[in-house]
Every structure is written in C-alpha cells, then in structure tokens.
2 protein chains.
Amino acid sequence: MELEIAHLCVLVHLYDLSWNSAVVYITMAGIDSCYRSRIKRPTKMQKRSPPPTLSEVARKAGVGTTTVSRVINGGDRVSPMTLARVRRVIEALGYMPNQAARVLKGVRTNTIGLIIPSIADPFFSSCAEAAQAVARAHDSLLIVTTSHNDPHAEIENIHILTRHRVDGLIIAPANSQNQTLRDLLDRLSVPVVAIDRPISNSSIASVVTDNFKGARFATRHLIDHGYKRIVCLTGESTLFTIQERIRGYRAAVESAGIPYTLDTSIKDYKSAEYSIESMLAGANPPDALFTLKNSTTIFAYEALQKLNVRVPKSVALLGFDDFELASAVRPSISVVQQPVEEIGRVTAELLFDQLLGSRNGLPAHSKRTRQVTLETRLIQRSSCGCTPASVSSDKAGPS
Amino acid sequence: MELEIAHLCVLVHLYDLSWNSAVVYITMAGIDSCYRSRIKRPTKMQKRSPPPTLSEVARKAGVGTTTVSRVINGGDRVSPMTLARVRRVIEALGYMPNQAARVLKGVRTNTIGLIIPSIADPFFSSCAEAAQAVARAHDSLLIVTTSHNDPHAEIENIHILTRHRVDGLIIAPANSQNQTLRDLLDRLSVPVVAIDRPISNSSIASVVTDNFKGARFATRHLIDHGYKRIVCLTGESTLFTIQERIRGYRAAVESAGIPYTLDTSIKDYKSAEYSIESMLAGANPPDALFTLKNSTTIFAYEALQKLNVRVPKSVALLGFDDFELASAVRPSISVVQQPVEEIGRVTAELLFDQLLGSRNGLPAHSKRTRQVTLETRLIQRSSCGCTPASVSSDKAGPS
DNA sequence: CTGTTAGCGCTTTCAC
DNA sequence: GTGAAAGCGCTAACAG
C-alpha cells in the first residue's frame, strides 16, 4: 500500500474581474457595420464581440471582398499598396478567415480524421503523433477521436468526422470483421486507411505489423533457448492483433512439438499473480512466459518478482510490444518491438497518396489499394535468457 | 547494445482493385440533380460521388428543406409518416449533414481546441483523454494539436483552431510570460483556459498543479530522512512548472540550512551518467537526488544502476511526476504524483462553465476567472529510503 | 405540420 | 488590378 501524505484537494481562488470591462464594442465603421448577431443582443453586454468577417475587412479597407479574399490567399494579383492596406486592416481587426465558409464552397477541408482506441495508450499516441506530423506536412489538421474499442463509439466517431467533412480517415477498427463498419466505410466519400488492424474483405488500404511472424519468431527464440513449456499469456483475445500473435505462438510451438498453452485471463496484476502462482504450483510448471501485450508483460513481470521467481533462471519472460522501461528494469525485459512511428507515418502517407491521387485523377499506381505489413524486431534483453553485450548502452535511445 | 534480429523492412502488396468499379453514379432524381461539382468532371470517372446534400434528400423525399432540417435535428414538428419517409431517404443516400454549413449559420461548432506540447507525452495525453471525455459529455469534439513547446507553432495552432471556429480553447503555453501569446489570447473571441501552466498577467483561467508545494514537500521529506546533500536534477529550466519545482526545492533546502545544488544538464542518459558520476567522485558527493521530471528521473535511475550505486543506501532518489513502472522496478521509485486526469477534467469543465455561462448571459458566479491549483501527493516507495508496507499491492492500480 | 425564403462568410467567374 | 454577384448546404423566421 502506498502512503498518501498530502491530501488531494482543490483550491479555487476567485478573482472578481470585471466581466464588463472586457467589452470592447467596436463601431468605427460605416452605417451598416452593426448588424445581425451584434444587433440581436443590444442591451446584454457581451464578453467578446463576434469575430470580424471578410466583408468587414473589405469595408474598412475600402476594397471589395474579392480583393480581401485574394490577400488572405497569398496576395497574388493585388497591387502592393492595396495589399499592404488590407493586411493592416486584417491585423488591426484580428481577422481570421472562417474555415466553415471556405469548406462550404467545396474546397478541401484540409483535415483528416484518426480514430483510435485511446489517446492515452502509448502505442496509439505515438502513431497519432507521427500521423500528425505527416498531416502538418500536407498542411492538414489531424482530428483524433477515441473509440475505446467500442464498435458503437467507432461508428459514432465516423459520423462526427464525416459531418466535419474530413478529407480522409484513418481508423484502427475495434473488430476487423465488423460488417456494419466495413459497409459504412465503403460508402464513405473519402479515402480510408486502416491502421494496426485491417478491415477484412474490403478494398480498404491498411498498415499493420506482422504480428504473426513477430510472435512466431519470438516463440522460436524461446524454443532455441531450450525452453520446453512455454505459456502464452494475454488478457484479450478478440483483437485482430492478439489473435495473430496467438497464431504465431501456436505455429512455433506446434512445429516444435511443444505443448500449446494459452491463458487469456490476465486482466490485471491480481489475475497475473494468481495465474502464474497456480501454474508454478501445478504439475507442469512453465519454464517460459510469452506475453502478448504491454500491460500483460508488466503484470507478469511484477508477479514473477513478487513470487520471488528468478527470471530468466526459473522462468523466462518475453513480451510483445516494447515499452520505455523495459530496458531499465532488472532483469531487463526482452520484447518484440513494433515500428510504432513508422506505422503512423506510413498510414498517413498512404492516405495522402490517395488524396493526392484522386485530386489529380491519377492513373495506374495510385489507383491500387495497398496492404502494407511492417516487420517487427526482437529486442534481446535479459529476461529471455540472453545476455546483452552492454546492459545500459541502449539507454540513450528513448530520450 | 541491443541485438537486432529481424531486419526492419516493408512489404507492399498491391492489389489491383478496379478503381472504376467502385463508382456508383447515382442519378435517380429530377432534372437538376446533376449539378456543380458533379458536372465539372463529366468524363473522368470518380472514385466516389460527392456527398448528398440536404436538398437532395428533400427532393427525393418530396418534401421541403425545412422538413429535412427538422428531421435531422430531432424530428420535432414533423408528422410520423413524413419523418419515416425522410429518414428512409437519408439512410438510402447515406446523407450526413454538412457541419460547415451549420457552423456558417452561426450556431456553435461544438468543437473545442487543445494545444499541448506533445500527444506522445503520457502526462498530456492523459490530460487530453480526460478533457475529451468532458467534451463528449458536452456533445463536443476535442481537436488536439501539438506545439512541441515552440511559441511559433503555438501561435500557428491558435490560428488554425480559430479558423476552425472552435467554441473554446485549452492551452498549455510554452512560455507563461509570452506577451504576444497573451495578447493574442486576450483578443480571441472565445473563452480560453490554460492547462498545467498559467498565462501571467492575464485574466485567463488556469488549472495547474501546485508544483512549488509539491517540490518543497518532497525535498522536506528527503531532509526528514536525514539526507544532507540533496542535489536537484533537471534538463530544462525555462518551463513554468520546472521553475516552480526548483523554487520549491530551494525553499526547502534553504530553510533547512542545507546546500542548494541545481544541475540542469540532464538531457539524456549519457548526461545523467556523466553528471552523477562526476558528483559522486567529487568532494561533496550527494546523498540524495531530487529529479524534476519524468525522463530525468529515469535517466538518473538508470545511471545509478549502471554505476552500481546502492539506492537508497548510498544515494536516495525522489522524482517529480509518477510513471507507470515506478512501482515495478527494484527499488521502486518514490515520486511526487500529480492528479493528471483531474487536471484535464477540471480544465475542460472550467471551459464549458465559461461556454455555458456566456451562452445564458449568466450573472455573478460564472463571470469570474478562476485560477485552480491542484495538490500533489507524495508516493512513498523505496528509493527515498521509505519502506512501503507491501511492495506489490499498489500494482492493481494502474491496470 | 409544412414550404418559401433570406442569408451565414467565403470563393469564384466574369466584367470592368 | 479590382469588384459585383452568384451561390456552397444549412437554419430560422415567417407564412400557409
């Protein structure tokens, strides 16, 4: 039990700033400068005035709306003098073009959507970060929404993003088999790319890790170490990625004539401890553990420590998916590493390929759907029985 | 050095799906159903037809646009029969209202913006997740953008979000003192709340951790343990939060008559190792380390391990900001914990308070700017010299 | 209950 | 170089 010293509490200081004093009711313009929404609330003082519009700028600069439009779009075909004047007015008014109005005119929205299970998940947040970088490079805004792997929320998110008229969509489907989802996606009027998990029976492009190969390779590695009773641990088994990893594990153990033992009950630390303790006390105690996801690896690791099991001496541990401290703990934890950022980057690039392709009405090459599979790599640390050359030199990495 | 086994490589499978076969050119409507963008590219086959509009729905359902509008907004004041028919058409066409058009009409956009340094940072991604939950509860979309603590990117982001007409904005300012930023924010026509770091000299609401108190409390804790040469380590010193923590550390050591030693050179593992090694070899080696941020804590921890320094026997360690494995490593790392999710939640709630307040033209209470300060708590694990009752029972927590 | 109509702020011909 | 005017898709009066 951790000790809590300072109690959690909230201090709220109220500063009685005069709400009204913030009001700046600009009316330096012509006769019709005060219209519409402004006029609707004549007595009630507003905190802030509504944002200035392009035509207000035009009026105050004494030019037409077309000119202002040209100015905010690069300023071509506008005389230097006019340009300067308009720019000054824009600056003075703090004018910002209304994206909605532009969108309505049918131009691209320059936004793409990303639907992932959670922002707080390191894997997906890294993907998101990478995708965002690509989006920025294409002068686009990435809108991230979360589904928590709930097919309902997922569809809801698609609707929201569609209403916002994103130019394209990236999605990590909760369920690769979901027909409703597939149909909905197929009907979308914008390109879609699946990330981390494919959409089955669909022409939708996808970028995924080779979970099968990665898991098979890892299991083989354990087999090569001489372990004979390798148990596969996970807390989840409906996700595409997990299933693939299970397949990989299975392929490896079966072809080696080693028993296949899958335990999908690891939901938290408690269940990990319980499960591992039972196994070790059982008839055929495992000599190696292959954990299929981050949290499972951590739970298993902690349980092993708690139970005073020597790793890897008594029981080896190998996890799928790397995490920051896997190299810092003792023993350091061997893992199958996924090219996280590359996944995010490649996915976004694929999407923009399609976007650009359809814009130019491209021929051949862009008119194909790509299924990209990225390879994993096995990071050999101590927990699987390997002896890394230098224990700490890989620390400089995740700075 | 870690061993890489499988090489990173990309497999690209190209499926030559017929691009053209995906074209479904719907023209079951009246005479003017094929206009504008449709007509502009008459020969070039399109991947997808442009999204249907409200008036298309109206025409196909044989009703007026108002009726359709009513249907998509809840279906009040529409006869059941009409309602059903319209809904059917909407379904058939896969119609989705165009958010941009709604926005243009002046209604709220139901989007709020969040500007944080990075999505991949666990602290901020957790904040974002919490804020998103609040936004959802208010039927709003949260748009997250990243500044990487670059004032330029920050302003750029504000512009982008303003163009998108977010209803409100949450920002973690790169620099609390930045005048340009403050002025820009003050001119914004929507409410703004600062997160994690305040905006100085401004009426802008903020939600921050009490970094000063947290750090002072932590340092005192080390002092209470009897440490006499407590060194404060960080890699950054311009951030508001870090400065506050330094102040807290300073206040504690000075009032205890203990030397104040600050090392701001810890940028990565290497610098941590170098710095710690030098100190330990020096005249007055530290007996405790107080690290001001996550990564610094980890680097210091790893360096201590590498250098075979016994923790906390020879040198104690206490870090600011908790992280997932702090309790799993041996020795477990004591930290000052921030109420991360609460920060995100409270910030978003504050923003919506302002949003709702200004909408109803509220009186008194909502018309004040709040500066909320949330308290930290000290999590006593092993690295500071404490002996937690049970080493593992706090594991069930961060599942 | 339902339809007509007038814009929201902007881009974009098409004249000047 | 510049501007007038016609909408983009939708909502909100205001009639029927």
Side-chain angles (χ1 to χ4, degrees), chain A residues 32-33 35-40 49-86 90 93-110 162-165 189, chain B residues 32-40 50-86 90 93-110 162-165 189:
Chain A
D32 57 329
S33 100
Y35 55 27
R36 200 178 27 93
S37 35
R38 287 207 211 294
I39 216 168
K40 281 185 178 169
S49 49
T53 72
L54 180 142
S55 51
E56 286 183 71
V57 173
R59 204 173 328 114
K60 287 181 185 159
V63 299
T65 58
T66 314
T67 305
V68 179
S69 178
R70 286 193 184 113
V71 171
I72 62 179
N73 288 301
D76 298 330
R77 306 208 288 134
V78 177
S79 78
M81 264 198 43
T82 323
L83 198 147
R85 184 152 40 94
V86 173
I90 288 178
L93 257 49
Y95 167 74
M96 304 244 96
N98 184 335
Q99 172 78 1
R102 291 175 120 132
V103 169
L104 199 50
K105 285 303 287 184
V107 299
R108 285 177 55 222
T109 60
N110 279 300
T162 306
R163 283 201 289 270
H164 277 267
R165 291 294 187 270
S189 56
Chain B
D32 57 329
S33 100
C34 174
Y35 53 30
R36 200 176 29 93
S37 35
R38 286 206 212 295
I39 216 167
K40 281 186 178 169
T53 72
L54 180 142
S55 51
E56 286 183 71
V57 174
R59 202 173 330 113
K60 287 180 187 163
V63 298
T65 58
T66 314
T67 305
V68 179
S69 178
R70 285 191 184 112
V71 171
I72 62 179
N73 287 299
D76 297 331
R77 305 207 289 134
V78 177
S79 79
M81 265 197 42
T82 324
L83 198 146
R85 185 153 38 94
V86 173
I90 287 178
L93 257 49
Y95 167 75
M96 305 243 98
N98 184 334
Q99 172 79 1
R102 289 176 122 133
V103 169
L104 200 51
K105 283 302 287 184
V107 298
R108 283 177 57 223
T109 58
N110 279 299
T162 306
R163 283 200 289 271
H164 277 267
R165 291 295 187 269
S189 55

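Chain naming here is simple, since letters A, B, ... match the order of the sequence lines and numbering starts at 1 in each. Since we're looking at a predicted model, the values are computed, not measured.
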Exercise for review: Please say which of B:Val71, B:Leu93, B:Thr65 ends up in a side-chain contact (heavy atoms from CB on, under 4.5 Å) with B:Val57.
Suggested key: B:Leu93
Exercise for review: Mark yes or no for whether A:Gln99, through its side chain, and B:Arg165, through its backbone, hold a donor-acceptor pair below 3.5 Å.
Suggested key: no
Exercise for review: Describe the nucleic acid contact of B:Val63 in one word from base, sugar-phosphate, nothing, applying a heavy-atom distance below 4.0 Å.
Suggested key: sugar-phosphate
Review point. Would you say the side-chain atoms of A:Ser55 pair up with the backbone N or O of A:Ala58, donor to acceptor, closer than 3.5 Å?
Key: no
**Study point:** Heavy-atom check, side chain of B:Arg102 versus side chain of B:Asn110, under 4.5 Å
**Key:** no
Check your understanding: Within this structure, what is the CG-to-P distance between A:Asn98 and D:dC8, rounded to whole angstrom?
Key -> 18 Å
Check your understanding: What residue pairs, at least two apart or across chains, pass side chain to side chain donor-acceptor pair (under 3.5 Å) with a residue in residues 75-86 of chain A?
Key -> A:Ser79-A:Thr82
Revision key, fill the gap. Here the distance between atom C1' of C:dG9 and atom CG of A:Leu93, to the nearest Å, is 15 Å
Check your understanding: Taking atom P of C:dT12 as reference, at what distance in whole Å does atom CZ of A:Arg108 sit?
Key -> 14 Å
Point to revise | D:dG9 base / B:Lys105 side chain donor-acceptor hit below 3.5 Å | key: no
Review point. Tell me: CD1 of B:Ile72 to P of D:dA12, nearest whole Å?
Key: 11 Å
Check your understanding: Rounded to the nearest Å, what distance is computed from the CD atom of residue A:Gln99 to the C1' atom of nucleotide C:dC10?
Key -> 11 Å
Check your understanding: According to a strict under-4.0 Å criterion, is A:Thr67 in side-chain N/O contact with OP1 or OP2 of D:dT2?
Key -> no
Exercise for review: Provide, to the nearest angstrom, the distance between the CZ atom belonging to A:Arg59 and the P atom belonging to C:dC10.
Suggested key: 12 Å
Review point. Taking the side chain as C-beta and beyond, is there a heavy-atom pair between A:Ser69 and A:Leu54 under 4.5 Å?
Key: yes
Point to revise | Distance in angstrom units between B:Leu104 CG and D:dG9 C1', rounded | key: 9 Å
Exercise for review: Describe, as an angle rounded to 10 degrees, how the axis at the first end of the helix from C:dC1-D:dG16 to C:dC16-D:dG1 is tilted relative to the axis at the last end, five pairs per end.
Suggested key: 30°
Point to revise | Validation row: B:Thr53, B:Asn98 side chains within 4.5 angstrom (heavy atoms) | key: no
Review point. To the nearest Å, how far apart are B:His164 NE2 and C:dC10 C1'?
Key: 15 Å
Revision key, fill the gap. Taking every heavy atom of B:Leu104 against every heavy atom of A:Ala100, the minimum-distance pair comes out as N-CB, 4.3 Å
Check your understanding: Is any side-chain N or O of A:Arg102 closer than 4.0 Å to OP1 or OP2 of C:dT11?
Key -> yes
Review point. Under the 3.5 Å rule, do the base of D:dA4 and the side chain of A:Thr66 count as making a donor-acceptor pair?
Key: yes
**Study point:** Positions of residues 73-83 of chain A (non-hydrogen atom under 4.0 Å from DNA chain C), listed by number
**Key:** A:Asn73
Review point. Could one point to a donor on the side chain of A:Arg70 or the base of D:dG3 with an acceptor on the other under 3.5 Å away?
Key: yes
Practice item. Ignoring backbone atoms, test whether B:Ser69 places a side-chain nitrogen or oxygen under 4.0 Å from the OP1 or OP2 oxygen of D:dT11. Key: yes
